[in-house]
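Below is one structure, written out as structure tokens; comments come after it.
Because the structure is a prediction, the values reported are computed rather than measured.
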Amino acid sequence: MYLALLVIFLQCSEVYAQGKVFTFNRVEIRVQPSVKVKNGAPMSISCHADISKNTDFQLKHNFTIFKDGKLVFMTVSDKEDAWYEIPAAKSSDTGDYECTVKADGKLGFSNSIYVWVAGMTKPILTADKKEVVEGEVVKLRCELPEEVPPLEFVFRKIKTNSAPKEKRVPEQNQNFSEVEYYVEEGDNILQFDCFGKRQVRSGWESSQHSNRTLVTVKEPFIKPTLITKPSNNVTEGDQIEFECSTVVAQIRDIEIIFQKNRTILNSVRDKKFLRYSTVATQEDSGEYLCKVEQGTVSKTSKLNVFVSELFPRPTLSASMTKLDESKDLILSCSINGVRRANFSILRKSPSGDVLLKNSRVLPIKVSVNDTGFYTCKAEVKGIVKESKSVRINVYAPVSKPTLSVVSGSPEVVLGKPLQLICHSVMGTPPITFTFYKGDEIKKNVTNDTYATFLDEDIGLNDNGGYKCDARNNHSSGVKTSNILNVTVIVPIRDASLGSIPYGEVEVGSDTAFLCSVKEGSWPIDFKFFKKTDHEVLLHEVREYSDRTIWHKKTMKRRDTGTYYCMASNRASVDVRSRPITISVILAVWQKGVIAAFVLTAMAGAGAVALWWFLRKKKKAKGPSMEMSGSPLAPNLTSEKLTRQPSDGNYYSGSGYIEDNENHMKSTDESKGPDLESAEVDYTEVEVSTLDPHRGHSGVLWLWKWKLHRKYLMCSSLRAS
């Protein structure tokens with residue numbers, strides 16, 4: 001029974017488990033009253049879960065609402081809807097909202113929706129002072145208590161009859177900002193306000209302007225007063241007096257400064273006024289400034305003064321401005337419309353003006369040292385004026401120029417540039433130099449004492465014709481140098497080496513080496529070398545020719561080797577020839593001597609060898625013939641090698657036969673007595689005189705051939 005109940009329970013549990021089936025169709029998020037809400041208005045955000053179930057059963061729903069990815073609301077409900085209520089929406093509630101619903105392990109997501117809370121709260125502005133003195137600082141604070149950073153604050157300084165001055169301050173981490181304003185001169189009554197800004201999806205949104213804060217400004221002293229006496233329109237030579245004054249609350253640390261343009265003329269401290277006087281000149285016309293300073297406060301007043309001209313600026317005139325030395329020069333100083341004045345004529349100098357004469361006119365007989373600037377001064381009623389400077393140039397004539405080559409030597413290598421220098425020892429600069437190549441002008445140069453010319457187009461025919469002119473402003477005119485002749489050096493080209501005889505040279509003979517060049521200016525330095533482990537100089541000579549011959553006498557075997565020559569001239573370029581090989585060989589008579597010596601040695605060696613061979617065979621044959629009783633034995637033992645006294649190359653004997661007889665003797669003994677009675681003929685062999693052209697080898701070969709024929713004849717007789 002228990003088993004049946006257990007089975008029923010399990011089946012019921014399985015049926016119950018299979019009955020709780022659901023799925024999320026969608027999750028929706030909604031905003032009421034709309035996605036755009038005014039600042040301060042109520043706003044409601046709902047999250048709805050649309051779920052399908054197989055049966056009617058309860059589910060616990062976990063609702064979560066996010067703003068810009070951050071959790072703002074969370075609740076648990078058995079209903080399919082949840083509400084996030086915001087009683088008064090603020091600008092900080094602007095953002096992207098989305099919600100999620102989680103039920104029994106399943107999770108549903110809504111889409112994102114953007115909510116814009118339009119408008120910002122009104123900022124609050126406060127100032128640390130309500131009353132300040134010029135030069136002090138006002139500190140302001142602007143706050144948006146209900147807003148969330150990042151924010152931007154805009155402060156405004158408002159003055160009557162002028163545009164507001166703004167300061168913008170971004171704040172990333174706080175909802176307030178503070179700034180300082182410097183109170184300037186003329187800031188009598190100031191008003192300040194501020195407003196805030198934040199960035200939304202559609203751009204920037206601004207708040208209302210804050211309350212205006214009023215700040216009263218006090219002056220530590222009044223603007224200074226600047227006057228002139230007798231007036232601000234005076235004439236040169238008149239006495240003019242300036243007076244600057246102010247009214248100050250506290251005299252301590254007050255300073256008055258009087259200046260023209262950027263030049264300070266006078267100043268006082270801890271006083272309420274300043275005076276300055278001078279004799280008026282035309283240069284005193286212009287704008288004057290009086291400035292009063294105390295601490296950081298500064299106030300100024302300006303005044304224009306016009307000084308009329310008492311007399312015009314004098315004029316210095318010269319009879320001539322460019323003249324030759326020893327000529328007469330007249331300098332005169334004058335003033336247009338004024339006859340009576342105190343004149344002086346001066347010469348300008350780096351160390352100071354040099355007074356030449358207190359006079360209106362100055363005559364001078366000039367020298368070169370009188371070149372320079374001159375001026376004159378005129379004085380009327382204590383007013384001194386100076387004329388413009390006049391340049392006087394005194395010229396000494398140029399000397400005859402000298403033309404030379406910069407390198408020193410009047411020659412140039414073909415294809416290389418030629419640099420010339422033209423120089424005049426005497427003459428007042430500037431001097432103009434003109435270079436000529438033939439009759440053609442090549443270059444004009446203006447310099448002090450010399451000029452250079454670079455000729456880069458040098459040809460074979462450019463062997464002269466250079467000259468130069470020199471001239472300055474002296475009336476003597478142009479001076480011309482002597483004509484400069486320049487030698488063009490042609491570099492060496494294509495050196496070659498030959499010899500007579502060529503290739504093989506007999507010992508003791510002479511050899512002529514010929515070294516020549518295809519092109520090159522004379523003289524030419526020729527050098528002959530032999531290649532060994534190092535270069536060996538054998539011979540050198542200087543020739544006014546394109547070739548040279550070197551005779552080397554009595555050549556030796558050690559002179560065998562490789563030879564080459566080298567040529568150079570004043571172009572300083574060494575040109576090497578191709579090498580040639582010389583072999584020193586023996587002469588014909590030396591070869592004959594060596595051949596005769598060798599043949600003689602071979603003949604002697606052959607004779608000794610033959611004698612020894614025959615002697616050995618003879619000793620071996622003697623006992624054998626005696627035992628056999630052969631009639632040939634006495635003849636054979638008595639045979640000997642004889643040399644004919646008339647010819648050293650003639651020989652007689654039977655050495656070769658003896659050798660063959662030994663062979664035959666052994667054969668006869670093996671055959672028996674039948675062969676012992678056989679009669680054999682023996683013949684002497686004559687060796688003919690040696691042919692000197694054939695040598696010893698041919699004689700020996702002929703001699704052996706004859707012996708071989710005798711041996712064959714004897715063998716045939718014994719066989720028969």
> Is there a side-chain contact (heavy atoms from CB on, under 4.5 Å) between Phe433 and Thr446 once you walk through the steps?
Replying inline: CA-CA 6 Å; Phe433 297 92; Thr446 300; over 6 Å; no
Report yes if the side chains of [X] and [Y] come closer than 4.5 Å at any heavy-atom pair, otherwise no.
| X | Y | answer |
| --- | --- | --- |
| Pro429 | Asn472 | no |
| Asp510 | Met555 | no |
| Asp370 | Ile392 | no |
| Ser344 | Asn358 | yes |
| Leu514 | Arg547 | yes |
| Phe528 | Thr548 | yes |

A quick test of your reading: do over 12 heavy atoms of other residues, nucleotides or ligands sit less than 6.0 Å from [atom1] of [X]?
| X | atom1 | value |
| --- | --- | --- |
| Lys327 | NZ | no |
| Lys553 | NZ | no |
| Arg391 | CZ | yes |
| Leu454 | CG | yes |

Output yes when [X] and [Y] qualify as a salt bridge under the 4.0 Å nitrogen-oxygen rule, no when they do not.
| X | Y | answer |
| --- | --- | --- |
| Glu309 | Lys385 | yes |
| Arg570 | Glu411 | yes |
| Arg347 | Asp353 | no |

>> Test salt bridge (Lys or Arg N to Asp or Glu O under 4.0 Å) on Glu379 and Lys377; report intermediate values, then the result.
In response: CA-CA 7 Å; Glu379 180 184 356; Lys377 293 182 179 180; over 6 Å; no
>> Using the side-chain contact (heavy atoms from CB on, under 4.5 Å) definition, which of the options Val584, Thr560, Asp559 pairs with Val507?
In response: Val584
>> For Phe529, give me all partners under ring-ring contact (aromatic ring centres under 6.0 Å, His included), at least two apart in sequence or on another chain.
In response: Tyr564
>> I'd like to check the ring-ring contact (aromatic ring centres under 6.0 Å, His included) partners of Tyr563; sequence neighbours left out, ordered by chain and number.
In response: Phe513
> Which heavy atom in Phe343 sits nearest to a heavy atom in Cys333, and how many Å separate them?
Replying inline: CD2-SG, 3.5 Å
>> Check whether Phe453 forms a cation-pi arrangement with Lys443 (NZ or CZ under 6.0 Å from the six-membered ring centre, at most 45° off the ring normal).
In response: no
